[in-house]
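Worksheet: the structure to be examined is printed underneath.
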Amino acid sequence: MTDNQLRLGVNIDHVATVRNARGGAYPDPVRAAKLAEEAGADGITAHLREDRRHITDTDIDALMEALTVPLNFEMAATDEMQKIALRHKPHAVCIVPEKREERTTEGGLEVAREENRLAHFIAPLRDAGCRVSIFIAADRKQIDAAHRIGAEVIELHTGAYCDYHAEGRFADRDRELEALRDMSAYAHSLGLEVHAGHGLTYETVQPVAAFPEVHELNIGHFLIGESIFRGLTPAVQEMRRLMNAARS
């Protein structure tokens with residue numbers, strides 16, 4: 001990879017969602033992770049939720065053993081998840097908000113409200129060698145708080161931008177895109193590494209991929225859905241092509 005090339009992290013959570021619908025062993029998220037890796041993914045993302053609705057503890061065990069690219073372990077800021085992360089010591093740990101009743105992660109973490117607790121929570125993870133990322137909205141207050149608590153990386157929540165695009169609310173979409181652009185530059189100015197993700201599709205990825213401060217995009221649900229029609233390898237390769245074109 002060149003310095004100008006974006007990393008692509010592929011989230012394989014929803015392969016496990018399909019598997020769990022029948023309670024069997026297939027489709028296997030580890031197999032999907034290896035296919036994504038072969039297709040050009042620079043890393044694999046997996047969210048071990050408290051309710052284990054998709055990825056399970058066994059999946060994390062298997063991913064840690066099978067992957068040759070980094071694992072980005074998404075988790076809530078709970079004692080249970082901290083213990084699991086410290087046992088595995090994945091390359092990256094991304095702290096995300098989590099509510100039992102939500103369908104998927106609905107927004108960024110409220111770092112500013114829980115600054116002291118989160119600072120103490122992430123310290124052992126950093127000491128263990130994990131790169132700690134905080135999943136937040138494109139909000140200066142949250143970025144400042146993430147910087148103060150010692151996070152090395154922020155991941156900007158692109159869900160609102162993608163939702164506005166899908167709903168045809170283009171003025172709102174463009175305002176959210178501008179906020180993402182401005183806050184990417186601001187976070188970079190503080191020395192934070194900037195990632196982005198949530199809801200990105202072939203239609204919405206390039207404007208975000210074009211931000212020079214963004215180092216990594218994490219994309220999952222769309223790619224797993226698209227793989228039904230074109231296969232996972234071509235789906236990942238097309239996303240890679242679009243990302244590269246945005247930077248060329």
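Note that the structure is predicted; figures quoted are calculated from it, not measured.
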Which atom of [X] lies closest to which atom of [Y], heavy atoms considered:
X	Y	answer
Leu6	Glu216	CD2-N, 3.6 Å
Val69	Gly43	CG2-CA, 3.9 Å
Val194	Ser184	CG2-O, 3.7 Å
Ala41	Val236	N-CG1, 4.3 Å
His157	Gly159	ND1-N, 2.9 Å
Ala209	Ala246	CB-CB, 3.7 Å

*For the side chain to side chain contact (heavy atoms under 4.5 Å, CB included) test, which of Ile224, Leu8, Asn11, Thr45 pairs with Ile219?*
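In the set Ile224, Leu8, Asn11, Thr45, the residue that makes a side chain to side chain contact (heavy atoms under 4.5 Å, CB included) with Ile219 is Leu8.
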_With side chain to side chain contact (heavy atoms under 4.5 Å, CB included) as the test, pick out the partner of Met75 among Val96, Ile95, Leu48._
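Considering Val96, Ile95, Leu48, a side chain to side chain contact (heavy atoms under 4.5 Å, CB included) with Met75 is found only for Ile95.
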[X] side chain near [Y] side chain, heavy-atom distance below 4.5 Å:
X	Y	result
Val111	Asp144	no
Leu192	Tyr186	no
Glu152	Glu193	no
Thr68	Lys34	yes
Glu110	Pro97	no
Leu118	Leu109	yes

[atom2] on [Y] to [atom1] on [X], rounded to 0.5 Å:
X	Y	atom1	atom2	answer
Thr201	Gln206	OG1	CD	10.5 Å
Cys130	Leu86	SG	CG	7.0 Å
Gln82	Ile122	CD	CD1	10.5 Å
Leu200	His165	CG	NE2	11.0 Å
Gln237	Arg230	CD	CZ	10.0 Å
Glu114	Phe121	CD	CZ	10.5 Å

_Quiz question: by atom type and distance under 3.5 Å, do the side chains of Tyr164 and Asp174 form a donor-acceptor pair?_
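There is no such pair (donor and acceptor under 3.5 Å, judged by atom type) between the side chains of Tyr164 and Asp174.
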*Verify the distance criterion only: is there a donor paired with an acceptor across the side chains of His88 and Asp61 at less than 3.5 Å?*
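On atom types as modelled, these side chains qualify, holding a pair under 3.5 Å.
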Can any side-chain N or O of [X] pair as donor or acceptor with the backbone N or O of [Y] at less than 3.5 Å?
X	Y	result
Thr158	Tyr161	no
Arg148	Glu115	no
Asp13	His47	yes
Arg247	Phe211	yes
Arg7	Asp42	no
Lys89	Gly129	no

_Just to verify, which of Asp57, Thr58, Asn20 counts as forming a side-chain hydrogen bond (donor to acceptor under 3.5 Å, both in side chains) with Arg52?_
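Only match with Arg52 under side-chain hydrogen bond (donor to acceptor under 3.5 Å, both in side chains): Asp57.
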Note: [X]-[Y] ion pair, threshold 4.0 Å (strictly below):
X	Y	result
Arg241	Glu238	yes
Arg131	Glu155	no
Arg169	Asp172	yes
Arg175	Glu178	no
Arg19	Asp59	yes
Arg53	Asp51	yes
Lys83	Glu80	no

*Cluster question for you: counting only ILVMFWY and a side-chain heavy-atom cut-off of under 4.5 Å, with indirect links fine, are Val18 and Val30 together?*
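Val18 does not cluster with Val30.
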*State plainly whether one hydrophobic cluster holds both Val153 and Met81, where clusters connect Ile, Leu, Val, Met, Phe, Trp and Tyr through side-chain heavy atoms under 4.5 angstrom apart.*
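As far as the 4.5 Å side-chain criterion goes, Met81 and Val153 are not connected within one cluster.
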*Report the C-alpha distance between Leu156 and Val208 in whole Å, list the side-chain angles of each, state the deciding distance to 0.1 Å, and finish with yes or no for side-chain contact (heavy atoms from CB on, under 4.5 Å).*
CA-CA 10 Å; Leu156 294 176; Val208 178; over 6 Å; no
*asked:* Apply side-chain contact (heavy atoms from CB on, under 4.5 Å) to residues Glu74 and Phe135 and explain how you reach the verdict.
replied: CA-CA 9 Å; Glu74 288 188 344; Phe135 189 68; 5.5 Å; no
*Where do Thr233 and Glu38 land on the side-chain contact (heavy atoms from CB on, under 4.5 Å) test, with the steps shown first?*
CA-CA 8 Å; Thr233 296; Glu38 292 164 10; 5.9 Å; no
_Students often mix this up, so state it plainly: with edges at 30° and 60°, are the rings of Phe222 and Tyr202 parallel, tilted or perpendicular?_
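Phe222 and Tyr202: perpendicular rings.
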